[in-house]
Amino acid sequence: MTPLAKKVYSLLDTVPRGKVTTYKALAHGAGTKAYRAIGQIMKYNPNAPETPCHRVVATNGTLGGYMGKTDKQTLQKKIDLLKKEGVEVKNNRILNFKNIFYSFS
DNA sequence: TATTTGACCAAGA
DNA sequence: ATCTTGGCCAAAT
């Protein structure tokens, strides 16, 4: 577990159910500008059920990826999880993204 | 120590 | 709306 990863994961725990956050927001909250590194952390440390990485999306509202993949099949699972929490997704895009976006103070 | 690599981002064309 | 470019920075190799 890398130092940045610890911060990121702890921040992820603060994201309420039914909301989503972004890689950039996580980086900002963690006090770094390495939003790209966030994605790498997820890829190399997939704690799938324990850490809600499915609530992390790109800034433009697209899903990004899930479990190290970007293919439609894998993303669909992510979508289902989000939908279960009340987040609507259409064509790999979050609906009402600005409304359910969660940022760290 | 050096190089490569992205589940990224913003700005142009 | 889509595509390309350049920048970004921690982690992996």
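Reminder, nothing fancy here: chain letters follow the sequence lines and each chain counts from 1.
No side-chain donor-acceptor contact under 3.5 Å links A:T51 to the backbone of A:C53. When atom types are taken as modelled, the side chain of A:K43 and the backbone of A:M67 share no donor-acceptor pair closer than 3.5 angstrom.
Between A:T59 and B:dC9, a side-chain N or O to OP1/OP2 separation shorter than 4.0 Å is present. For B:dA10, the OP1/OP2 oxygens have a side-chain nitrogen or oxygen of A:K24 closer than 4.0 Å. The phosphate of B:dA7 (OP1 or OP2) has no side-chain N or O of A:K69 nearer than 4.0 angstrom. OP1 or OP2 of C:dA11 has at least one side-chain nitrogen or oxygen of A:T2 nearer than 4.0 Å.
In this structure, of C:dA12, B:dA7, C:dG7, it is C:dA12 that holds the atom nearest to the side chain of A:Y44. Listed candidates were B:dG6, B:dC9, C:dC9. Nearest to the side chain of A:A34 is C:dC9. Closest to the side chain of A:M42, out of B:dT5, B:dA7, C:dG7, is B:dA7. For A:C53, taking side-chain heavy atoms from C-beta onward, the closest of the listed nucleotides C:dG7, B:dA7, B:dT5 is B:dA7.
Between A:I41 atom CD1 and C:dA10 atom P the separation is 10 Å, expressed in whole Å. In this structure, the NZ atom of A:K33 is 13 Å from the C1' atom of C:dG7, given to the nearest Å. Separating the NE2 atom of A:H28 from the P atom of C:dC8 is a distance of 17 Å, rounded to the nearest angstrom. A:M1 places its CE atom 11 Å from the P atom of C:dA12, with the value rounded to the nearest Å. If you take CG of A:N60 and C1' of B:dA11, they are 14 Å apart, rounded to a whole angstrom.
Taking for each of A:Q40 and A:T62 the nucleotide of DNA chain B with the nearest heavy atom, the 5'-most of the two is the partner of A:Q40. Map A:A58 and A:A37 each onto its nearest nucleotide of DNA chain B; the residue landing nearer the 5' end is A:A37.
Of all heavy-atom pairs between A:R17 and A:K84, the closest is NH2-O, 3.5 Å. The minimum heavy-atom distance between A:I41 and A:A5, with the atom names listed, is CG2-CB, 3.6 Å.
Using a 4.5 Å cut-off on side-chain heavy atoms (C-beta onward), A:P52 and A:D13 make contact.
Judged by distance alone with a 3.5 Å cut-off, a donor-acceptor contact links the side chain of A:R36 to the base of C:dC8.
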